[in-house]
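So that the names make sense, note that chain A is the first sequence line, chain B the second, and so on, each numbered from 1.
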Amino acid sequence: MKFFKVRVIVMPREGLLDPQGKTVEQSLKKLGFKGLSDVRMGKVISLKMAAENRSKVEDAVKDMCRKLLANPVTEDYFIEID
Amino acid sequence: MKFFKVRVIVMPREGLLDPQGKTVEQSLKKLGFKGLSDVRMGKVISLKMAAENRSKVEDAVKDMCRKLLANPVTEDYFIEID
Amino acid sequence: MAQKDINPRHKALCKALAMKEEEYWRLVRLLGREPTETELGMTAALWSEHCSYKSSRLHLRKFPRKSWRVLAGPGENAGAVDIGDGYAVVFKMESHNHPSFIEPFHGAATGVGGILRDIFAMGARPVALLDSLRFGNLDNSRMKYLVDGVVSGIAFYGNCVGVPTIGGETDFDPSYNGNILVNVMCVGVVKHERIQSARAEGPGNPVIYVGSKTGRDGIGGATMASEEFSDETEEKRPSVQIGDPFTEKLLIEACLEAYEKDLVVAVQDMGAAGLTSSSSEMAAKGGVGIELDLDRVPLREKGMNAVEIMISESQERMLIIGRKGEERRLIRLFKKWGLDAVVVGRVTDSGKIVVKHKGRVVADMPASILVDDAPLYRRPVKEPSYLHELREFDVFSLPEPRDLKNVFEKLLAWPGIASRQWVYRQYDHMVGTDTVVLPGSDAAVLRVKGIKQALGVTSDCTPRYCYLDPFTGGMQAVAEAARNLACVGAKPIGITDCLNFGNPEKPEVMWQFVKSIEGMSKALRYFQIPVVSGNVSFYNENEALGAAVHPTPTVGMVGIVEDVNKIVPAWFTEEEHAIILLGSPGEQLGGSLYLKVVHNLVAGEPPEVDLKAEKALQRTLRELLSRCLVSAVHDVSDGGLAIALAECSVASSDAVGFSVEV
Amino acid sequence: MKGRKRITFGVVIFPGTNCDRDTYHAVEALGYRARYLWHVARGIPQDVQCVILPGGFSYGDYLRAGAIAKFARIMDAVTEFADRGGLVLGICNGFQILVESGLLPGALLQNVNLRFICEHVYILPQRFDTPFTCAIPEGRPLRIPIAHIQGRYTYGSQKEKTCALFCYCDRNGNITGDANPNGSEDNIAGIVAPGRLNVAGMMPHPERAAEIVLGSNDGAWIFRSVERWLS
């Protein structure tokens, strides 16, 4: 068994309204930060997982995203394992 | 001017009670996922920034985190620029 | 025009937007030519079942709509009814069943956002929300996910906007397994002179777009609601609508300030079918035309074509007709609240909707075609064959339960009866400091600051009765709502409704619809309560069962409470007080909750409604309260006497019980 | 109420605040005067003796409750007003804005049950020498409603710089785990910074318990304390 550190980034799907991102972008600009665009806000889930190999971890985490961590209709997920 | 893609990860400080992480961990275990530990949940802010060079972006984003994106009392932030 | 084949591009658009071929040829006949693609998209959206009520308009006319109090009735943004001292109450109910099934959180949240906009489009400040929710059985994880999503979506939106959610219903029945119901009602208060109109007037006046930017949200949303659930609707999913309650709160305050400063000629929410419905309905009502330039519409996404812009259902947007020369004042006001406000067109006297995009006229058609000439269907009706045998079922042939205690506990544990505090505890039901009777009683009561009288509000329906006998079920929904108001001393002054039914192209469903309306109308006429607004939601079908959901004509009723201080709780307050049953207990078990929970049966004759006795009962209740002769009042409904007595004990914060001889 | 100067409360409105009208109404119903202060105002008017940051969802509570409102222009004026000894009370979202802006120590996190909670609770004043508690009868809890999802107070690393003003308790005034609705450390429902009693924050809404018709008028004590402190 090996230990893997996993990180899942869950972002609102492109093209859908992102009220939080929009509001944070306006506030950063009002604070004087220049050259900003496309500010978006999402969730990050980090976890540790014991498994035989990487691909087992990858399959499990994909399954977690589909079942719980990401909303299939409004969110996309990205998995990082090291 | 160059375009940089920036990602800020904001996590609850270690040692602080993290009910969200705990609830996600319980739900994942109930769904039958094995070998999990240390599940934690935070926020991710992604943005694009036009600037002369990387270090200018880094300073600006650090300033954003200190001022707005992270709560100094309860959160730690990590910056990724590519 | 010889009916040859539709050109392929139009054929594809008709299919995508669920417009039938004969409806396409009707449009060609009315226009006297082939429509442009934009005209076709606009018409398909407005002639959908959701917007045009083409299968129901004929029967909705049976409802009584008049009373000396009614200031605005069906056809306006929402109903408005006088409550005295120069004030009026504005209210309406809408359904968001299909979007909530696709994405529960944002589906329900945008349902709240939409109904709020109909209320402040009438000039009223929204003061209360009620939600009537019907889910399937809780024994599958998908349904638990839907319940959690809908409740937290309503909490997310209502709490942030600062409008208290003070009542409603939450029920569970397998008939909704494949198609849940999310009906949301909003109540607002306005002074008579501030009531706003939806009639565009004054050629040359500016047409001003206010609120969030336009994206591809809910494209075909208007037509999606008229679609049964099948694989066909799968690929429409990405166009789900996302709600932004923060922008909505700014919109409420900015619009109310604009009315106060008399800067608005007419206003309408960009609801289903967005820019198309708001512009054409306001134009048609005012008998004028509207010219739009889509290049000026604030867009959130690049490369949107004219059809997408015209029928997009992005949330938190209003269309306002301003006064010529005062555009800048209005725009500055909206900018003060941090909102986009752009002149996107002009009122004309042509009676036509003219749309320009990228310098080209992409639509030029009479507003009346879009609004008044929608098809009108007189659908065939047929009594369902199952009904006769089901109603003949002899309820008393069932064995009497040996262990009554077990039955009692089973009924108490039924999620439709057990305390719904887990739901309304998540809603801010106190913001506004007007909620004087909190959720959990028979009806909620809101004070109106500045005047003595208060408002009683409730929403009711017993779908099991409507399934067995829609006529009696329709009557019972009205009677129970009125009785719930009487329990808090409120005299009914008007109703709104949400008529949730299956596919109207099935004669059995149409029969259920017509009978329910006739039953409701009979009770409404007898009690002299007008219908001032409402909504019809068809195509609530359940693919797995291959059948429609139970007919669910939800009634939202508002009444006036003369003296708030004379209201008594709906639970026991002191020992030794006598418990009095008003009205005849009757032995009807048909369609009862007992049958459903214990015997898993919906059968027999539902309890008949004696309108004369009902009216007398309600008058007596109001009299008892006004003379302070009682210490508690509670309605006997689902679960009968046993459950009513249990509810009176459990809800009290003191340890009280009861003893009765049956 | 005869014969004494009517004090004036300044009620701040941020974009997204939604308890401003409730607070304004409660203050006037109790016989005092109220004025709205818009979030871009440069200064606090002379006749205002107590500034209230009311409840609501400033900027939608996006990112973190109060995180964005702390940059509103009026917050400079509020900070300067507080430094001069002016009375400042943050209620619910107002409390979140005060901790985010550093005017009060610690932080307010998501409730342990991760859900919004709206219900009447009981709170016990912890000290009576402050402008917001000096008129409250000792020894009995106040019944005041809460309505929030981010109300779990934590000292962070600043425990010594914090002083409890109210703690959640049961009907009889016992501060117990069961009486804690959101997991706040030491059942904290409201605080003052030691050595600066003129700035306070509380999660419960006193304006929602200022009239008996709403089920409790215990909230009035807080406004009466301000009156007693100033006269």
Side-chain angles (χ1 to χ4, degrees), chain A residues 1-14 18 20-54 56-70 75-78 80, chain B residues 1-12 14 18 20-54 56-70 75-78 80-81:
Chain A
M1 285 294 236
K2 271 187 272 141
F3 259 91
F4 294 86
K5 277 185 74 185
V6 177
R7 190 162 72 173
V8 176
I9 306 283
V10 177
M11 295 302 286
R13 182 153 298 160
E14 290 285 344
D18 174 12
Q20 297 212 71
K22 181 178 80 168
T23 307
V24 168
E25 179 160 342
Q26 279 160 2
S27 310
L28 288 172
K29 284 175 178 164
K30 249 190 243 149
L31 288 173
F33 293 101
K34 297 278 179 293
L36 288 184
S37 66
D38 198 13
V39 177
R40 296 171 62 236
M41 243 182 84
K43 293 174 288 196
V44 55
I45 299 104
S46 72
L47 56 92
K48 292 197 179 69
M49 190 166 181
E52 284 114 36
N53 54 48
R54 242 182 92 87
K56 279 259 180 336
V57 175
E58 218 165 299
D59 298 343
V61 176
K62 271 206 190 94
D63 202 20
M64 291 182 207
C65 290
R66 267 196 303 277
K67 283 191 177 141
L68 181 70
L69 302 182
E75 291 173 335
D76 296 317
Y77 57 86
F78 312 90
E80 297 160 9
Chain B
M1 285 296 245
K2 272 187 279 148
F3 258 92
F4 296 86
K5 281 183 76 183
V6 177
R7 189 156 67 177
V8 176
I9 306 285
V10 178
M11 295 303 286
E14 295 281 351
D18 173 14
Q20 272 193 318
K22 215 171 59 184
T23 306
V24 169
E25 182 158 344
Q26 280 156 5
S27 313
L28 288 173
K29 285 176 177 162
K30 238 188 275 167
L31 288 170
F33 294 101
K34 297 279 178 297
L36 291 182
S37 65
D38 196 11
V39 178
R40 296 174 61 238
M41 225 166 111
K43 284 176 281 225
V44 59
I45 298 106
S46 74
L47 55 93
K48 293 197 182 71
M49 193 166 182
E52 286 111 36
N53 54 49
R54 239 178 97 81
K56 278 256 180 337
V57 175
E58 217 165 298
D59 298 344
V61 177
K62 268 206 192 91
D63 200 20
M64 290 183 206
C65 291
R66 268 197 307 278
K67 278 190 176 150
L68 177 66
L69 301 183
E75 290 171 335
D76 296 317
Y77 58 87
F78 311 89
E80 295 163 11
I81 303 171

Colleague: Would you compute the distance between atom CE of B/Met49 and atom CZ of B/Phe3 and round it to the nearest 0.5 angstrom?
Modeller: 11.0 Å
Colleague: Does any backbone or side-chain atom of B/Ile9 lie under 4.5 Å from a heavy atom of chain A? Answer side chain, backbone, both or neither.
Modeller: side chain
Colleague: Could you tell me which non-hydrogen atom of A/Asp18 sits nearest to which non-hydrogen atom of A/Val39, and how far apart they are?
Modeller: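 Result for this residue pair: OD2-O, 4.1 Å.
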Colleague: Specify which of A/Gly42, A/Gly21, A/Ser27, A/Ala50 makes the most heavy-atom pairs with chain B at under 4.5 Å.
Modeller: A/Gly42
Colleague: Just verifying a value: how many Å separate B/Phe4 CZ and B/Leu47 CG, rounded to the nearest 0.5 Å?
Modeller: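 It comes to 12.5 Å.
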Colleague: Would you give the length of the straight line joining atom NZ of B/Lys43 to atom OH of B/Tyr77, rounded to the nearest 0.5 angstrom?
Modeller: 14.5 Å
Colleague: Considering all heavy atoms of both residues, which atom of B/Leu69 and which atom of B/Val10 are nearest to each other, and what is their separation?
Modeller: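 Taking B/Leu69 first and B/Val10 second, the nearest heavy atoms are O-CG2, 3.8 Å.
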Colleague: Among B/Arg7, B/Lys5, B/Arg54, exactly one meets salt bridge (Lys or Arg N to Asp or Glu O under 4.0 Å) together with B/Glu80. Which residue is that?
Modeller: B/Arg7
Colleague: With a 4.5 angstrom heavy-atom cut-off, could you sort out which part of A/Met1 is near chain B: side chain, backbone, both or neither?
Modeller: neither
Colleague: Sub-4.5 Å heavy-atom contacts with chain A: which residues of residues 57-65 of chain B show up?
Modeller: B/Ala60, B/Asp63, B/Met64
Colleague: Take A/Glu75 and A/Met11 through the side-chain contact (heavy atoms from CB on, under 4.5 Å) test and state the conclusion after the steps.
Modeller: CA-CA 6 Å; A/Glu75 291 173 335; A/Met11 295 302 286; over 6 Å; no
Colleague: Would you call A/Glu25 and A/Arg40 a salt bridge, using N to O less than 4.0 angstrom?
Modeller: no
Colleague: So for A/Leu36, is it side chain, backbone, both, or neither that comes closer than 4.5 Å to the heavy atoms of chain B?
Modeller: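 Both parts, backbone and side chain.
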Colleague: Please classify the contact between A/Ile45 and chain B as side chain, backbone, both or neither, with a heavy-atom cut-off of under 4.5 Å.
Modeller: both
